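Encoded as C-alpha cells, the structure appears first; notes follow it.
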Amino acid sequence: TRIGIANEVFDAGSIGHTMSWWAPQTRWFSSNERISIAGVPLQTLDQNKATREEYLRYLRCVVEQFKLNVRTRHKVVDVDGQAGQFRLQIEASGGSHTRFASAIVLAIGGTDRARELHVPGEQLPHVDGYLRELHGYHGRNVLVVGGRNSAVEAALRLHHVGARVTLCHRGESLPEKSIKYWLMPEMKALLKSGRIQGHFQTQVTRITSHDVTLQHASGQTTTVPVDDVLTLIGYEQDKTLFEACGVQLEGPMRKPVFDEATMQTNVPGIYTAGTATAGTQSSSYKTFLENCHVHVDRIASDLACQATNDRLARPADQRDAIDHSLEQMISMQPES
C-alpha cells in the first residue's frame with residue numbers, strides 16, 4: 001500500500017485468525033516492540049506484554065489506520081496461471097468467485113491444525129487440541145498432554161480456575177529453557193506439592209469417555225480418570241495452497257523453497273512470508289513473528305523493482321499518467 005501497489009488480502013478466518021483459538025487473556029512471550037508492525041506502536045494498559053485481546057485489537061486498528069483491503073472469511077482454495085496473470089478461486093459465505101493477480105504472497109502461517117496422538121479414542125468429543133474458555137473447566141478432571149509453553153500455561157491456568165489437573169509429558173522432565181520464564185517457578189512448586197499431578201516419560205495409549213491409559217517408559221501403565229483431554233503437543237501447517245501453486249517443499253518440515261533476498265518461491269510471481277516460510281515447525285520454534293518483519297521489505301522491494309521496470313517499458317504518455325498519480329498520492333500522504 002505504501003509503495004503504491006494495489007493489493008487485496010484474503011483471509012480464510014478473521015484478522016489474526018491464528019490467535020483466535022488462543023485461550024482468553026493469553027499473553028505473548030515476545031515484548032510489545034518486537035511484535036508491533038508498520039511503525040505503529042503497541043501500547044498496553046499495564047505496560048506488560050500484550051494479551052490475545054490487546055493484540056487482536058491492535059491488528060484491527062492497523063487495518064483501519066492504513067485502510068487495508070482485507071477480506072475476512074474468504075478462503076483461497078485454488079490457484080492457477082502464471083506470473084502477471086494468476087487466477088485465484090475463492091470460497092466465501094456468499095459463494096465461490098474468482099480473482100486475478102499479477103503476484104501472490106502466501107503468508108499462511110504454520111499452525112493450521114493440532115497435531116494428533118494417533119491413539120484409540122482421540123476423536124471423542126471431550127478430546128481437544130486447543131484450550132477453550134477456561135470457565136468451562138471448573139471442577140473437572142483435565143488431562144493436559146504436552147510439556148512446552150502451551151501445555152504448561154494451560155495446566156497453570158486450569159488449576160487456577162478450579163480444575164483438577166494432570167500433566168502427561170513424554171520427556172524426563174519439563175524443558176525449562178524452552179518455557180516462559182515466569183511460568184516455571186510456580187509449575188515446579190505445584191508439581192512438587194502434588195496439586196498438579198505429573199506423569200513424565202509417559203505417553204497416552206488409549207482414551208475412553210471416562211479415563212485415559214498412560215504408559216511409562218518402564219512399561220508400567222496407569223489409568224487416569226478424565227472429563228476433558230487437551231492434546232497440546234503442537235500444530236501443523238496446511239500445505240494445500242503451496243501444493244496447488246506448485247511451490248517446491250523440502251526437508252522433514254516440508255518448508256517452501258524460496259530466495260532469501262526476495263522471498264520469491266521457485267514459482268515466478270509467488271512469494272512467501274512469515275512463519276509460513278518454516279513449514280511445520282518442531283517443538284523448538286525458530287521462525288516466529290518477531291524475526292519475520294524483514295520479509296515484508298524484501299517482497300515490497302522486489303515488487304517495486306518489477307513495477308519500475310514495467311513502468312519504464314510503457315509508452316511515455318502512460319508513464320506520465322502514472323508519475324502524476326504517484327505525485328498526488330505523496331502530496332496527500334507525504335510520510336509514505
Side-chain angles (χ1 to χ4, degrees), residues 9 11-38 40-66 68 70 72-73 75 107-115 128-138 140 142 144-163 165 167 178-184 186-187 228 230-238 273-276 278 280-281 283 285 287-293:
V9 178
D11 200 318
S14 56
I15 297 170
H17 180 67
T18 297
M19 283 172 291
S20 67
W21 48 258
W22 289 13
Q25 297 303 313
T26 299
R27 288 192 183 275
W28 279 83
F29 192 9
S30 303
S31 58
N32 295 339
E33 64 271 14
R34 294 194 176 203
I35 58 174
S36 62
I37 59 176
V40 180
L42 169 58
Q43 298 286 344
T44 57
L45 186 63
D46 58 359
Q47 294 80 50
N48 210 328
K49 296 174 188 287
T51 64
R52 162 191 181 272
E53 288 75 14
E54 288 171 327
Y55 198 70
L56 289 174
R57 181 176 66 236
Y58 170 76
L59 292 180
R60 294 195 303 271
C61 290
V62 170
V63 170
E64 293 291 335
Q65 177 175 337
F66 294 102
L68 302 181
V70 179
T72 58
R73 295 185 174 82
K75 184 177 182 179
I108 59 174
T111 55
D112 296 287
R113 53 177 174 259
R115 291 182 187 271
D128 200 343
Y130 304 91
L131 177 65
R132 309 293 177 174
E133 166 58 54
L134 286 148
H135 178 74
Y137 298 101
H138 174 77
R140 295 174 68 82
V142 184
V144 177
V145 184
R148 292 187 178 269
N149 275 306
S150 295
V152 171
E153 187 161 9
L156 287 173
R157 298 187 68 187
L158 288 164
H159 169 76
H160 288 304
V161 298
V165 183
L167 180 72
S178 302
I179 295 173
K180 298 173 183 178
Y181 60 85
W182 62 86
L183 300 178
M184 278 308 301
E186 184 180 18
M187 189 67 197
D228 301 288
L230 297 179
T231 56
L232 305 181
I233 56 174
Y235 304 92
E236 298 177 334
Q237 183 183 63
D238 184 346
T275 55
T280 294
Q281 299 193 65
S283 55
Y285 279 63
T287 304
F288 34 87
L289 191 155
E290 65 180 75
N291 60 13
C292 290
H293 296 302

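Because only heavy atoms are used, hydrogens play no part in the values below, and waters and symmetry mates are left out as well, while side chains stay in. The structure displayed is predicted, hence computed values, not measured ones.
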For a quick check under 3.5 Å, do Thr280 and Arg115 share a side-chain donor-acceptor pair by atom type? no
Partners passing side chain to side chain contact (heavy atoms under 4.5 Å, CB included) against His160 (at least two apart in sequence or in another chain): Glu186
Kindly indicate whether the side chain of Asp228, heavy atoms from C-beta on, has any atom under 4.5 Å from the side chain of Asp128. no
Under a 3.5 Å distance rule, please check whether Gln281 uses its side chain to pair with a backbone N or O of Gly110 as donor and acceptor. no
For Ala50, is there any backbone N or O sitting under 3.5 Å from a side-chain donor or acceptor partner on Asn32? yes
Any side-chain to backbone donor/acceptor pair from Tyr58 onto Val40? Under 3.5 Å, distance only. yes
Determine whether Leu156 and Met187 make a side-chain contact, defined as any pair of heavy atoms from C-beta on separated by less than 4.5 Å. yes
I'd like to check Thr111 versus Trp21 (side-chain heavy atoms, cut-off strictly below 4.5 Å). Are they in contact? yes
I'd like to know if the side chain of Gln237 and the backbone of Gly109 have a donor-acceptor N/O pair within less than 3.5 Å. yes
Fit a plane to each ring of Trp182 and Phe29, take the angle between them on a 0 to 90° scale, and name the class: parallel (under 30°), tilted (30 to 60°) or perpendicular (over 60°). perpendicular
Heavy atoms of Thr287 and Cys292 approach each other most closely as CG2-SG, 3.5 Å
Reported NZ-to-OG distance for the pair Lys180 and Ser150, which is rounded to 0.5 angstrom: 7.5 Å
Do the non-hydrogen side-chain atoms of Gln25 and Leu134 ever get within less than 4.5 Å of each other? no
What are the two closest heavy atoms between Ala23 and Leu131, and how far apart are they? CB-CD2, 3.6 Å
Just verifying a value: how many Å separate Gln65 CD and Arg60 CZ, rounded to the nearest 0.5 Å? 14.5 Å
I'd like to check Val152 versus Leu232 (side-chain heavy atoms, cut-off strictly below 4.5 Å). Are they in contact? no
I need the minimum non-hydrogen distance between Gly129 and Thr231, along with the two atoms involved. CA-OG1, 3.6 Å
First locate atom CZ of Arg148, then atom CG of Leu183, and finally report the distance between them rounded to the nearest 0.5 Å. 13.5 Å
Can you give me the closest heavy-atom contact between Ile35 and Leu289, atom names plus distance? CA-CD2, 3.7 Å
Determine, step by step, whether Tyr55 and Trp22 satisfy the ring pair (Phe, Tyr, Trp, His ring centres under 6.0 Å) criterion, reporting the C-alpha distance in whole Å, the side-chain angles of both residues, the deciding distance to 0.1 Å, and the verdict. CA-CA 12 Å; Tyr55 198 70; Trp22 289 13; 8.3 Å; no
Looking only at heavy atoms, the pair that brings Gly13 and Thr72 closest together is O-CB, 3.3 Å
For Glu64, enumerate each residue passing the side chain to side chain donor-acceptor pair (under 3.5 Å) test, keeping only those at least two apart in sequence or located in another chain. none
Treating His293 as the side-chain partner and Arg34 as the backbone partner, does any N or O pair qualify as donor plus acceptor under 3.5 Å? yes
Let me confirm one number: the OG1-CE distance from Thr51 to Met19, rounded to the nearest 0.5 Å. 10.0 Å
Just verifying a value: how many Å separate Phe288 CZ and Glu290 CD, rounded to the nearest 0.5 Å? 5.0 Å
Student check: side-chain heavy atoms of Val165 and Tyr137 closer than 4.5 Å: no
Can you tell if the side chain of Ile15 reaches within under 4.5 Å of the side chain of Val9, non-hydrogen atoms only? no
If a pair satisfies salt bridge (Lys or Arg N to Asp or Glu O under 4.0 Å) and one of its residues is in residues 48-58, list it, with sequence neighbours excluded. none
One thing to verify: whether Asp46 and Arg27 come together as a salt bridge, which I'm taking to mean a side-chain N less than 4.0 angstrom from a carboxylate O. yes
